[in-house]
Structure formats: C-alpha cells, structure tokens
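Every value quoted in this text rests on a predicted model; they were computed, and no experiment measured them. Chain naming here is simple, since letters A, B, ... match the order of the sequence lines and numbering starts at 1 in each.
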Amino acid sequence: MLQLVNEHICVLNPPKDNLICDRAKVEEILGVPPERVVDVMALRGDSIDNIPGAPGIGDKGSVELIRRFGSVEATLEHAVEVEKKTYRESLLNNREQILYSKSQVTIDCDVPGVDLSDSLLATMTAGEPDLEACRELFTELEFTTLLKNLAQATDRQEKRYVEDAGSLDIVELLSRATPDHPLAFALGDLTAGVAAEQPASPDQAAEDAESSGTLPFEAAADVPPLPPRIALSLKAGQAITTAVDNVRDALASPTLPKAVHDSKSALRLLARQALQLAGVRHDTMLYSYLLDPTYSSHSLPEVALRRLNFPPAGGLAEAADLTGRLLATLVPDIEREGLRSVYEEIELPLAPVLARMEEAGVKIDCDILGRISVRLEHDCERKAAEIFRHSGVEFNINSPRQLAEVLFEKLNLPKPIKYGKGKMVSTAAEVLEELAESHDVPRLVLEYRELAKLKSTYVDALPALVNRCTRRLHTTFNQAGTATGRLSSNNPNLQNIPIRTELGREIRAAFIPEPERLLLSADYSQIELRLLAHFSQDARMIEAFHNDADFHKATAAEVFGVMPSLVSDELRSRAKAINFGIPYGLSDFGLAQNLGIERREAAEYINAYFAKYAGVRDWLEATRQQARRDQKVRTLFGRVRPLPDINSRNYQARSFAERTAVNTPLQGTAADIIKLAMIRIDSELQRRGLKTQMTLQVHDELVFEVPESELDQIRRLVRELMENVIELRVPLKVDLGVGANWRDIKKQR
DNA sequence: ACTCTCACG
DNA sequence: ACGTACGTGAGAGTT
C-alpha cells in the first residue's frame with residue numbers, strides 16, 4: 001500500500017527550499033525515475049535515523065542517500081518500508097504544505113549539482129488531489145487529522161434526523177427491529193448537568209459522601225441533571241432522539257435486537273440511571289477491534305472515518321445512524337475473517353463483566369499513601385541535594401537533557417558506545433548502571449529516579465483519582481486497545497502498580513478490601529510457556545509441565561547438561577532468561593544484553609536450547625512460515641493479528657513482524673483464556689448470588705474482594721474455573737493468594 | 001504534541 | 001550488513 005506514495009502523493013516542503021515541477025523535469029534533473037523522488041522526500045530531516053551521518057534528505061539530498069544505499073532501488077526499499085511513525089513525523093512536520101497529486105513530485109533546491117532555474121520555477125503548477133489515493137494512505141497510516149480534512153471535502157451523506165420524536169414514532173420504530181435489522185442506538189452524555197469536578201481532598205469526599213447518606217456513582221449537583229437522551233436508528237440516514245425513559249422497556253428487553261458502539265460504556269451509563277440493558281447483539285467497537293486490532297483507536301468517530309469516510313459532526317442522532325451504517329460493513333467482514341466465535345464467545349460477553357469490575361472499583365487507603373508521600377518528598381530532596389553536591393551544580397534531575405549535560409559534559413563520564421541515532425545521549429537506567437561503577441552521581445540519580453517515579457505516578461496520583469461518591473478507585477479497561485487481545489487499563493492504570501522493588505511494594509499495601517473482606521489474587525503460572533508447550537507439542541516441555549517441577553531449573557538441566565539437583569542459582573537464572581525470551585522471539589544479542597554475557601555465548605545457549613527443545617524450534621519456524629503465507633497469525637480461539645510486513649524486503653520491518661508472529665499466538669491466547677475465565681467466574685458469582693467482587697485483571701492475574709464468609713468457596717470456584725477454561729496438552733496451573741492488602745498476599749495451594 | 005523514562009505482565 | 005526481545009500507560013520536560 002505504501003506504493004501509493006510512489007504513485008499519488010506529493011509532499012511539498014517549504015517553498016524556499018523546494019519546488020515542485022512535473023515528473024519529466026525531475027527525471028531530467030536527477031536522472032532517476034520521478035516517482036521515486038517522492039518517497040525520498042517523505043524521509044526528510046530528522047526522521048532518517050537509520051542512516052548515521054546523513055544530513056537529511058533536504059540538504060545533501062537524495063543523491064547522498066542513493067549513494068549510501070547503493071542504488072535507487074535500495075533507497076526506495078528503505079523509504080517505502082520505513083516505519084509508520086517515521087512517515088507520520090515527516091508528513092506532519094509538513095502538514096501545511098502537503099499536496100496530493102498524481103502528476104507532481106517535489107525535489108530539493110539544495111541537491112548538489114542541481115540548479116533550479118527560473119524557467120523551472122515557471123513550470124510549477126498545483127495539481128488536483130487524488131482524494132481516493134490519499135484517503136487510503138491516510139487511513140493506513142492513521143493520519144486522522146489529515147483524513148478528516150480530506151473527508152470534509154467529500155460529499156456529506158444524506159441524512160434525516162428527527163429530534164424529539166413523539167412517542168408514536170418510537171413505538172413504531174421499536175416494533176420494526178429484527179435480528180437482520182437491529183435497533184442501533186447511541187446514548188447522550190448522561191452526566192450532563194452533573195458536577196464533574198473532583199473533591200479537593202479524599203477527606204472532603206468522605207464528608208460529602210457521609211452527609212448525603214447514599215453513595216451514587218455521580219454526585220448530585222445543585223442543578224438537577226438533564227433527562228438523559230438516547231438516539232435510535234433502524235435505517236441509514238435516519239435517526240430519532242428521545243428521552244431514555246421513553247425506551248426503558250425496549251432497552252431492557254433481551255429479545256429486541258440492538259446494536260451499539262461500545263456496549264461496556266453503554267451499560268455503565270445506563271446502570272447509573274438504574275436502567276437495564278439487554279439484547280445487545282452487535283458492538284461495532286468490538287467488531288472494528290477484532291478486524292483491525294492494530295489500530296490504536298476504535299472510537300465511533302475514528303471508525304466512521306476509516307470505514308465510512310465520514311467525519312462525524314458529533315450529534316447524538318448521527319452517532320446512532322453511524323452505528324447502524326457501520327454494521328453493514330463490519331458484520332460481513334467479521335464473518336469472512338472467521339471472527340464470529342471470538343466475538344460471540346469472548347469479546348461481547350466480556351463487556352458486561354468489565355463494566356461490573358469498573359463499577360465496583362478498588363479501595364485504597366489514602367492515609368498510607370499520604371505517609372509515603374511525605375517520606376518520599378523528604379527522601380527526594382535529600383537525594384537531590386546529594387546529587388548537586390557530588391556534581392557541583394544544581395540542575396533539574398528530571399530533565400534527561402540537563403542530566404546528560406551534567407554527566408557527559410561537566411563530569412566527563414564516558415558516553416555509552418552505541419547511543420542515540422543522532423538523538424540525545426541516553427540517560428536510561430541501563431546506561432546509568434554502567435556508569436555507576438565509576439562515579440557516585442549515576443547511582444544517586446537512579447535512586448532519585450525510583451523515588452520520584454513512585455511518588456508522581458502512584459503515591460500522589462492515585463488518591464486524586466478516588467471517586468468522591470464511592471470513595472474507591474475506578475479504572476477503565478480498554479477492551480479495544482491492544483494488538484494482541486490483551487486488555488489495557490487507564491485513568492488510572494492499575495495494571496502497572498509496582499511490585500519489583502521493596503519500596504514499590506509499599507504502594508500495594510495501600511490497596512485494601514472493605515471491612516470483613518479479604519483480597520484474593522489468582523494468577524496463571526507460566527501460562528505463555530505452557531501455551532508454547534501446547535502449540536509446539538514438544539515432548540520435553542510437555543513432560544516438564546506434567547511433572548509440575550521447577551520449570552526453569554528443568555530447562556537449565558537440559559540446556560547446560562547437568563542433573564537438576566546440581567543446577568546452581570546462576571544457571572537457573574540463565575535458563576529463566578532464555579525461557580523468558582523465547583516467546584518474544586529472542587536473539588543472541590538480546591539474550592547477551594539481558595544476561596550481560598558475550599553474544600557468542602548467548603548464541604551457544606540458544607543453540608543448546610533448540611537442540612533440546614526441537615519441537616519449540618520447529619513450531620517457531622512453522623509459525624513464521626504460516627505467517628508469511630497468510631500475512632496474519634491467529635490465537636487458539638481464532639483472534640487475528642494481521643502482519644503486513646512479514647514479507648517485507650526491509651530487514652528491520654520483517655524481523656519485527658517475525659517476532660510478532662511468534663509472540664501474538666502466545667500472548668493473545670493467554671489473553672483469550674483469562675477473558676473466558678473472567679466470563680465464567682462472573683457468571684458463576686451471579687448464579688450463586690455471591691457478594692464477592694472481581695475487581696482487577698492484570699494480564700495473567702485476577703483480583704477479587706471476598707467476604708470472609710465466602711472465602712473457602714471462592715478459592716475453590718476461582719481455581720476450578722480458571723484451570724479448566726480449556727483442556728490443553730499441559731495442565732493450566734493457578735496460584736492463589738489471600739491477604740489483608742495487595743502486598744501481603746500469602747500464596748497458598 | 002512529542003520525547004524520554006519507567007512502572008507492569 | 002543490518003539492529004535486537006513482546007504488549008501496554010503515565011508523568012515530566014521540551015517544542
């Protein structure tokens with residue numbers, strides 16, 4: 001698709017540096033086919049970080065690039081295959097100057113030996129944009145702003161929206177909904193008219209909540225909220241808005257087929273109005289996600305832009321209309337791609353489960369965090385003073401730029417061998433650890449960073465996000481955010497709460513249950529390696545998991561040829577690093593870096609590993625093979641990840657796609673499995689009428705808030721359901737732990 | 001809005 | 001000859 005760039009896109013840089021002219025002129029001047037020049041221009045400036053020393057296409061120009069790559073073909077190869085991001089940067093930098101044309105290209109005035117005369121200037125013309133080509137390219141590259149500009153130039157689709165319909169229309173409309181023509185709906189901002197601001201302090205929130213007596217999710221404001229609105233659509237271009245109350249029964253009816261974009265949000269919005277929602281058959285956000293999991297956004301406006309070439313103006317009726325229109329294009333694609341079962345069995349039923357988890361939230365002890373904050377504040381100041389004393393200057397330690405200046409210019413510490421690709425000298429932890437051997441400051445900075453990070457990201461941030469009504473922390477799970485099928489968590493992100501350092505774990509102690517309750521954590525033990533054993537059918541690996549032995553120790557024994565009883569800690573940790581790296585498509589370089597050993601040695605380890613686990617080696621190769629053939633990979637449950645770069649002639653892009661090809665079936669299947677477990681556990685909790693709340697999912701772990709009286713039952717239930725989600729060639733193992741907070745979870749069998 | 005850094009699985 | 005594990009989200013600094 002990037003070939004489109006060759007044929008259709010013209011990037012016009014600022015006029016004083018560049019000119020446009022017709023293709024024949026370019027060919028004449030540069031002696032290369034004119035359509036090639038366009039790609040080179042797209043790599044202008046700082047974005048060419050893969051060519052050390054290259055001054056930027058704009059200066060010494062295409063000629064230098066072509067020389068370095070050896071041929072025009074090789075140059076273009078690089079240009080065309082370069083990452084999306086590079087394109088995005090270079091194009092957006094020139095946003096105002098972008099033209100679209102089939103007949104025009106740009107060249108640079110500063111190309112050595114090229115003299116752009118006035119006569120050439122005279123040949124400059126502005127061509128008509130090739131809208132269709134641009135639309136395809138911008139969609140692919142997720143240039144949503146540009147896409148929007150483009151779409152506005154096209155005809156608006158015909159629409160007939162009725163505001164404030166009478167109740168007769170509504171009854172008529174509802175009666176016509178069928179499985180083939182479901183009722184598409186969209187909800188207005190149900191919190192409109194409700195105070196949105198957060199409390200000044202958690203204490204204040206507590207007082208507010210106590211005085212009001214009840215704990216609604218949204219606080220009542222001075223002005224009563226507007227009656228919530230809903231938009232309904234059965235036919236493209238037509239939609240009706242009305243008060244949600246008018247369709248209360250229809251929303252709750254499981255037999256009235258409905259379609260909505262983002263059912264989880266709809267469920268939560270309605271739940272706050274004490275409204276039921278049933279009969280949702282289609283969630284266009286989830287359809288879009290399953291079809292294109294690598295797109296970063298699946299919001300209604302973005303999906304409408306991508307799939308309908310329609311930039312929404314933002315109205316409620318319009319949203320319902322678009323949801324309906326999207327169905328027509330999404331549903332056939334879902335069937336064609338074989339995604340129906342992942343949708344039906346996993347994604348759609350998961351949405352209400354996630355809604356309940358978000359609504360439940362988690363409790364944190366703000367007093368604990370408050371005390372940690374005071375302590376960290378003090379420690380940070382002391383650490384900073386020490387750094388200033390040892391370095392002889394005061395500066396902003398948080399600024400990588402200033403820090404690099406101090407370390408590498410003032411203190412003259414050795415710069416790392418391979419640093420930045422034309423960028424700033426890195427001050428990342430990895431680099432500072434190296435420097436810590438020769439100077440105090442790098443070590444102090446590392447310590448300062450740990451304190452500062454924990455304070456700003458967790459200790460100070462979390463209490464501010466406590467909901468004033470529930471007095472709990474409510475994350476939002478993004479169900480359509482990752483390329484592999486995992487969830488992500490934001491606002492706050494509760495999937496990256498510290499655990500690896502002692503100080504970090506302190507923060508976990510602030511995550512607590514309500515009185516008379518306990519926290520239960522259940523995590524899948526080595527699920528990705530077990531899946532690797534299942535997929536590869538490697539006999540040794542399957543055997544090891546059936547024996548339920550120390551898996552890393554077993555690997556060490558195999559790879560290093562010693563008896564399991566004689567495996568040292570050192571050997572075990574090396575084996576662990578190998579096991580850790582395999583699902584990521586590890587390389588000798590990566591392993592060497594991870595273990596701090598020679599690359600040669602790492603390569604030997606990998607060879608030894610593959611000799612012992614030939615089944616794994618073969619599966620990795622077979623998976624890459626299959627990916628090359630299909631240009632996509634699938635999880636055990638059929639979730640798809642497209643791999644457009646798998647056959648790229650660009651080494652970097654291809655290698656990346658190959659690692660993705662082996663990682664996604666593992667990471668993605670693990671995600672499918674825990675999602676299924678969540679659905680079954682939630683369903684069983686409801687069926688038994690238990691008070692236990694599932695509150696968090698952290699990729700391979702589930703967290704529950706459990707009444708003491710239910711503990712024994714829940715332990716059995718959770719383990720049973722998680723371990724038996726699916727039968728594989730190896731057992732799935734779940735570790736359980738219970739505690740009075742998220743830090744002091746006691747693991748138990 | 002982007003870069004760098006770093007928290008997690 | 002190339003660059004190097006996979007997947008995320010957030011805060012602070014810089015532009």
Checklist entry - Tell me the salt bridge (Lys or Arg N to Asp or Glu O under 4.0 Å) pairs involving residues 573-596 of chain A, sequence neighbours left out? => result A/Glu570-A/Arg574, A/Arg574-A/Glu601, A/Asp588-A/Arg599

Next on the checklist: Can you tell me which nucleotide in C/dG11, B/dC8, B/dT5 comes closest to the side chain of A/Arg508?
Outcome noted: B/dC8

Next on the checklist: When the P atoms of C/dT4 and B/dT5 are compared, how many Å lie between them, rounded to an integer?
Outcome noted: 15 Å

Checklist entry - For DNA chain C, what dot-bracket results from Watson-Crick or G-U pairs at under 3.5 Å, with [ ] for crossers and | for inter-strand partners? => result .....|||||||||.

Item to check | Between C/dC2 (C1') and A/Asp645 (CG): distance, integer Å | outcome: 16 Å

Checklist entry - So does A/Arg624 pair up with A/Glu658, basic N to acidic O under 4.0 Å? => result no

Checklist outcome for this item: Against the side chain of A/Ser587, the closest entry in C/dG7, C/dG11, C/dT4 is C/dT4

Checklist entry - What parts of residues 489-502 of chain A reach DNA chain B, counting only heavy atoms under 4.0 Å away? => result A/Gln495, A/Asn496, A/Ile497, A/Pro498, A/Ile499, A/Arg500

Next on the checklist: Distance check needed: C/dA10 C1' versus A/Ile507 CD1, whole Å only.
Outcome noted: 14 Å

Checklist entry - With sequence neighbours left out, what residues match A/Phe395 under ring pair (Phe, Tyr, Trp, His ring centres under 6.0 Å)? => result A/Phe388

Next on the checklist: Students often get this wrong, so: under 4.0 angstrom with heavy atoms, is A/Arg659 touching a base, only sugar-phosphate, or nothing?
Outcome noted: sugar-phosphate

Checklist entry - Which part of the nucleic acid does A/Thr664 contact within heavy-atom distance under 4.0 Å: base, sugar-phosphate only, or nothing? => result nothing

Next on the checklist: So is the aromatic ring of A/Tyr584 stacked onto the base of C/dC6, judging by whether the centres are under 5.5 Å apart and the planes are under 30° apart?
Outcome noted: yes

Checklist outcome for this item: To the nearest angstrom, the CZ-P distance between A/Phe477 and B/dG9 comes to 14 Å

Checklist outcome for this item: Sequence neighbours excluded, the answer for side chain to side chain contact (heavy atoms under 4.5 Å, CB included) partners of A/Arg659 is A/Ser655, A/Phe656

Checklist entry - With a non-hydrogen cut-off below 4.0 angstrom, is A/Ala429 in contact with a base, only sugar-phosphate, or nothing? => result sugar-phosphate

Next on the checklist: Among residues 447-456 of chain A, which ones have heavy-atom contacts with DNA chain C below 4.0 Å?
Outcome noted: A/Lys453, A/Ser456

Next on the checklist: Base of C/dT8, side chain of A/Ser488 - is there a donor-acceptor contact under 3.5 Å?
Outcome noted: no

Checklist entry - Of A/Asn398 and A/Pro293, whose closest DNA chain C nucleotide lies nearer the 5' terminus? => result A/Pro293

Checklist outcome for this item: Atom OH of A/Tyr289 and atom C1' of C/dG7 are separated, to the nearest Å, by 10 Å

Checklist entry - Tell me, which pairs form a salt bridge (Lys or Arg N to Asp or Glu O under 4.0 Å) where one or both residues lie in residues 488-512 of chain A, sequence neighbours left out? => result A/Glu502-A/Arg505, A/Glu506-A/Arg743

Item to check | With sequence neighbours excluded, residues passing ring pair (Phe, Tyr, Trp, His ring centres under 6.0 Å) with A/Tyr458 | outcome: none

Checklist entry - Looking at A/Arg486, does any N or O in its side chain come under 4.0 Å of the phosphate oxygens OP1/OP2 on B/dC8? => result no

Checklist entry - Rounded to the nearest Å, what distance is computed from the CZ atom of residue A/Phe395 to the C1' atom of nucleotide C/dA12? => result 15 Å

Checklist entry - In whole Å, what is the span from the OH atom of A/Tyr651 to the P atom of C/dG3? => result 10 Å

Checklist entry - How is A/Ala670 classified with respect to the nucleic acid when contacts are heavy atoms under 4.0 Å: base, sugar-phosphate, or nothing? => result nothing

Checklist outcome for this item: By side chain to side chain contact (heavy atoms under 4.5 Å, CB included), A/Asn396 pairs with (sequence neighbours left out) A/Asn398, A/Ser399, A/Gln402

Checklist entry - Does the pair A/Arg401/A/Glu405 count as a salt bridge with the N-to-O cut at 4.0 Å? => result no

Next on the checklist: Can you tell me how the ring of A/Tyr289 sits relative to the ring of A/His298, calling it parallel under 30°, perpendicular over 60° and tilted otherwise?
Outcome noted: perpendicular

Next on the checklist: When you measure from the side-chain N and O atoms of A/Thr457 to the phosphate of C/dG9, is any distance below 4.0 Å, counting only OP1 and OP2?
Outcome noted: no

Checklist outcome for this item: side chain to side chain contact (heavy atoms under 4.5 Å, CB included) filter on A/His699, not counting sequence neighbours, yields A/Arg486, A/Gln495, A/Gln697

Checklist entry - With a non-hydrogen cut-off below 4.0 angstrom, is A/Arg599 in contact with a base, only sugar-phosphate, or nothing? => result base

Next on the checklist: Just to verify, what does A/Asp744 make a side chain to side chain contact (heavy atoms under 4.5 Å, CB included) with, not counting sequence neighbours?
Outcome noted: A/Asn741

Checklist entry - Taking only residues two or more places apart in sequence, or in another chain, which ones meet A/Arg572 in a salt bridge (Lys or Arg N to Asp or Glu O under 4.0 Å)? => result A/Asp550

Item to check | Whole-angstrom distance between B/dA7 and C/dC2, as gauged at atom C1' | outcome: 31 Å

Checklist entry - Separation of A/Ile397 atom CD1 from B/dC6 atom C1', in whole Å? => result 17 Å

Item to check | B/dC6 to C/dG3 separation - P atoms, rounded to the nearest Å | outcome: 24 Å

Next on the checklist: Let's go through A/Leu532 and A/Ile582 carefully: what are the C-alpha distance in whole Å and the side-chain angles of both, what is the deciding distance for side-chain contact (heavy atoms from CB on, under 4.5 Å) to 0.1 Å, and is it a yes or a no?
Outcome noted: CA-CA 9 Å; A/Leu532 180 58; A/Ile582 289 286; 3.5 Å; yes

Checklist entry - Hey, does A/Gln402 reach any base, or is it just sugar-phosphate, or nothing, if we go heavy atoms under 4.0 Å? => result sugar-phosphate

Checklist entry - Which part of the nucleic acid, if any, lies within reach of A/Asn594 when heavy atoms closer than 4.0 Å are counted: base, sugar-phosphate only, or nothing? => result base

Checklist entry - Please give, in whole Å, the distance from B/dG9 P to A/Leu666 CG? => result 18 Å

